[in-house]
Amino acid sequence: MDERYFPDQVETEVQQFWEQNGSFRVAEDPDKEKFYCLSMFPYPSGRLHMGHVRNYTIGDVISRYQRMRGKNVLQPMGWDAFGLPAENAAIQNQVPAAKWTYENIDYMRTQLKRMGFAYDWHREIATCHPEYYRWEQWLLTRLFEKGLMYKRMAEVNWDPVEQTVLANEQVDSEGRGWRSGALVERREIPHWFLKITDYAEELLDEIDNLDGWPDEVRKMQRDWIGRSEGLEVDFSVEGSDSPLRIYTTRPDTLFGVTFMAVAAAHPLALEAAKDNFELARFIDECRRGGTSEAALETMEKRGMRIARNAVNPLNGEAVPIFAANYVLMSYGTGAIMGVPGHDFRDHDFARENSLEIREVVAPADGSEIDVQQEAFVSYDIVTVNSGDFSGLSFKDAFDRLGEWVEARGIGTRTVRYRLRDWGISRQRYWGCPVPMIHCERCGEVPVPESDLPVVLPEDVAHVGHGSPLTRMPEFLNTTCPACGGKAQRETDTLDTFVESSWYYARFACARNDQSMLDERADYWLPVDQYVGGIEHAVLHLLYARFFHKLMRDAGLIQSDEPFKNLLTQGMVVAETFYREKNGKTTYFAPADVEMSHDAKGKVTGAKLNTDGKPVEVGRVEKMSKSKNNGVDPQAMIDRYGADTVRLYMMFTSPPDQKLEWSDAAVEGAFRFLKKLWKLVHAHVREKTPPTIDTDALDDAQQTLRRKIHETIAKVSDDVGRRYTFNTAIAAVMELVNALAKSDDASPAGRALMQEGLDAVVLLLAPIVPHTSHVLWRELGHESAIIDERWPVAEEAAMERDAIDLVVQVNGKLRGHIQVSKSADRKTIETEALENPNVQRFVEGKAIRKLIVVPGKLVNVVV
RNA sequence: GCCGGGAUGGCGGAACUGGUAGACGCGCCAGACUCAAAAUCUGGUGGGGGCAACCUCGUGAGAGUUCGAGUCUCUCUCCCGGCACCA
């Protein structure tokens, strides 16, 4: 064994060992408890970034730990390979999207292998392969036949200059297109939808059962689905036969309606605009800007009167109708009732338009409010100024008004969801073709199973904008499967969230070319541990849950939910460095900047290496191209090896918090591995120690042995239950420090060193698998460490005779005492009061109370 | 705007169930080794006071509950994630 630690050498050797032994290839084994650990698969953008490295290290540590616990562990990897960046690269560099994607996959695969992740590569999936997406197309045709997929109009961002549809990301905060700079318009085009709303209730109810998920993710999903109970009510419109239907969750405020608002695109508004030029112009202006909810909610609320009134059915009052930019045709009924006294947005709108603000509910506790100043929105109310419905609680008002409108046939009590059906159409090229055919005679016809897959042509020319599929007659023209006549293929492709909604199931039988899934899916599913970024808390995770139920109801699998346990990891962030010149900001890479410190280590400034002149130290932000603050993991791996990068990632913060990059701290992780290596080297240089005689240890040896077993217990709990790998590593570091300090050369001392180092190497095996593999062999073991069992702490070794207690006076720490493990309360109290420093603070004062917290502290209240 | 999360030394973080604030690591300071540097090793390191024992202040701001609050409650500030076409 060399005294020095050469990570490259170690890692190459160990990775070869795994490769040659097929160490991570798994098959179904009914005799073993299975454990399916999955990390969210990457988009093949070109190179692994730090977020990937963090994500996959967490998943790998959990996988390796579970393997050491004796489980049959599946950990697969694949590529979320369709998407916008490939198309952008294709247009920019004139390189086919397919070629760009496959080359990226090849490079990133070597990077993942270099990190030593324990993947079963035989199950690798790329979603852009027809072998993968054919099954997705197959399922969609089934869903169409079941009525779960349908077509209707939907709004998109339309760039009037580029004549193309833009993603929300491509529209800036001012509502302009990212390349053209033109004001974007909302435009309606036909779209395919999946009926996720049919599953709203089940998706909501089952959140209660997801106890392995973080609470915040469950909260966000509940809110996203947004179940509400309310009342639909018809307001008649003067001079019209068709009433205006609205939905409200606050029927108790119906008597406070002083206006109505409809979407600018509402038929009522459009009709009124015919002979009102100003209104027509307003409606036109309302179409400007992006479609994202954030854009709609933050824009200035504007409205214009329509020359008609609506009539409140409760009190027969006529109220003005407005066309408003904040009411959307595609949400709800496209019309709302305005109650300025009891809704913030309506309050703002009423003030701007000088409308009446009326108080119709008052605080149940009788306190004073002034709705002219601020809307009162509490549910803890009593109705006032509401005719026969005055004096009621929220619930009573809700029930009585519900009965009232239902009896008259002008409304119904309704349960509604905020969740909307999932629009899956994209007017883009690099995606899975929607397996539908449009026939003039037969309408929308699904592609028959025998004609699947509809293969996306990979060799295409990207000229200008929009999808090249629409300009390819050989793709476009086909025959109708129903009548045999001329027909056209759908040229829209699918939202890439569709592919990522079921890949976790396909890993169970990735090479099956006969069916989408088979019985192996039921062996492996649900995923026992899913690991990925918190940014997926709602969309991806909700769509995957939805797809799981779709596949269940198609008879493909039996479980109800895809992911048993979920770990959401935080972002990787880093400092930014910049200079401002003529109002333009230039960012500099952290690698090119040197920091200066004062005598206490506080940062005093930074300068650029190339010109030696100062740069500004900016905020800590998510690593990104635009801020130039990314650190390439590859450079770190080349310099320190995969184990150091893995150790650093896991040590520097808990997985669910953000991770702030620091070059210096990576150096620290490397130092620790070197130290451990040297410690093992120094130990194995001597002859093999005898087996330990635990009854013959002196006090110091017993203390060290207790430390060994306490560390095993702590690390097992931190890794297995808490997922706080940072504290697990800190505990191992403490143990290594204790072992390094021990200079006990006696046989028992040497035996203890062996026991301690064995434990350290086993506990670190999931985190630094290469180094552990080699050190385990050096410590005299024949087996490969990946086949070893996780160590178990010995209770007897952890027993203590005496415990340390803290003594407080009035809650302030004043002394420490040591008492026997079996000491009773009386003895503890006496000991505590005899402590000299405690006496100083108690002297001359009356003891009011003595609080003894067993095993922890004594608090003397004087 | 709505939903969710966060804020603790110079820095990353620890304190798990309301019970010793700052584990572990980085950085910094001092020393050893060295011609010198790097590497390595030893010691110190929240602010203020004190020769010391110790005292005192201190967990984004303000209030509250409690014998005791980083932890619970309320109000606020700032930062981050998501908002349905980035993935």
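Remember, predicted model here, so these are calculated numbers, not experimental data. Letters A, B, ... are given to chains in the order of the sequence lines, protein chains preceding strands, and every chain is numbered from 1.
For B:G19, its base sits under 3.5 Å from the side chain of A:Gln808 at one donor and acceptor pair at least. In this model, a side-chain donor or acceptor of A:Arg721 finds a partner on the base of B:C16 within 3.5 Å. On a pure distance criterion of 3.5 Å, no polar donor-acceptor pair joins the side chain of A:Asp223 and the base of B:C3.
Figure legend: A:Arg418 and A:Trp224 shown as a cation-pi pair, the cationic atom lying under 6.0 angstrom from the six-membered ring centre and within 45 degrees of its axis.
Judged by Watson-Crick or G-U wobble contacts below 3.5 Å, the nucleotide B:A39 has no partner. As the counterpart of B:A7, B:U77 is assigned, both hydrogen-bonding distances of the Watson-Crick or G-U wobble pattern falling under 3.5 Å. When Watson-Crick and G-U wobble pairs are counted only if both distances are under 3.5 Å, B:U17 pairs with no nucleotide at all. Across all strands shown, nothing is found opposite B:U34 as a Watson-Crick or G-U wobble partner with both distances under 3.5 Å. Pairing of B:G22, defined by two Watson-Crick or G-U wobble distances under 3.5 Å, is not identified with any nucleotide. Base pairing of B:G68: no nucleotide in any strand meets the Watson-Crick or G-U wobble criterion (both distances under 3.5 Å).
The side chain of A:Arg671 places an N or O atom within less than 4.0 Å of a non-bridging phosphate oxygen (OP1 or OP2) of B:G27. Residue A:Lys714 places none of its side-chain N or O atoms closer than 4.0 Å to OP1 or OP2 of B:C16. Taking only side-chain nitrogens and oxygens, A:Lys849 comes nearer than 4.0 Å to OP1 or OP2 of B:C67. Between A:Lys674 and B:U40 there is a side-chain N or O to OP1 or OP2 distance below 4.0 Å.
Without hydrogens or angle criteria, A:Gln657 side chain to A:Pro654 main chain gives no donor-acceptor distance under 3.5 Å.
For B:G9, the O4'-C1' to base torsion is within 90° of 0; the nucleotide is therefore syn.
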For nucleotides 50-60 of chain B, tabulate all protein N/O to nucleotide N/O atom pairs closer than 3.5 Å, reporting atom names and distance.
from	atom 1	to	atom 2	distance (Å)
B:C55	OP1	A:Arg814	NH1	3.1
B:C55	OP1	A:Asn837	ND2	3.2
B:U56	OP1	A:Arg814	NH2	3.3
B:U56	OP2	A:Arg814	NH1	2.8
B:C57	OP2	A:Lys812	NZ	3.3

Item to check | CA sep, side-chain torsions, deciding dist, call: A:Tyr133, A:Phe82, side-chain contact (heavy atoms from CB on, under 4.5 Å) | outcome: CA-CA 10 Å; A:Tyr133 65 69; A:Phe82 277 135; 3.7 Å; yes
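Aromatic pair A:Trp79/A:Tyr503: ring centres not closer than 6.0 Å.
A side-chain hydrogen bond (donor to acceptor under 3.5 Å, both in side chains) check over residues 810-819 of chain A, counting only residues at least two apart or in different chains, returns the pairs A:Asp804-A:Gln818.
Remark: A:Arg222 pairs with A:Asp208 by the salt bridge (charged side-chain N to carboxylate O under 4.0 Å, His left out) rule, at least two apart or across chains.
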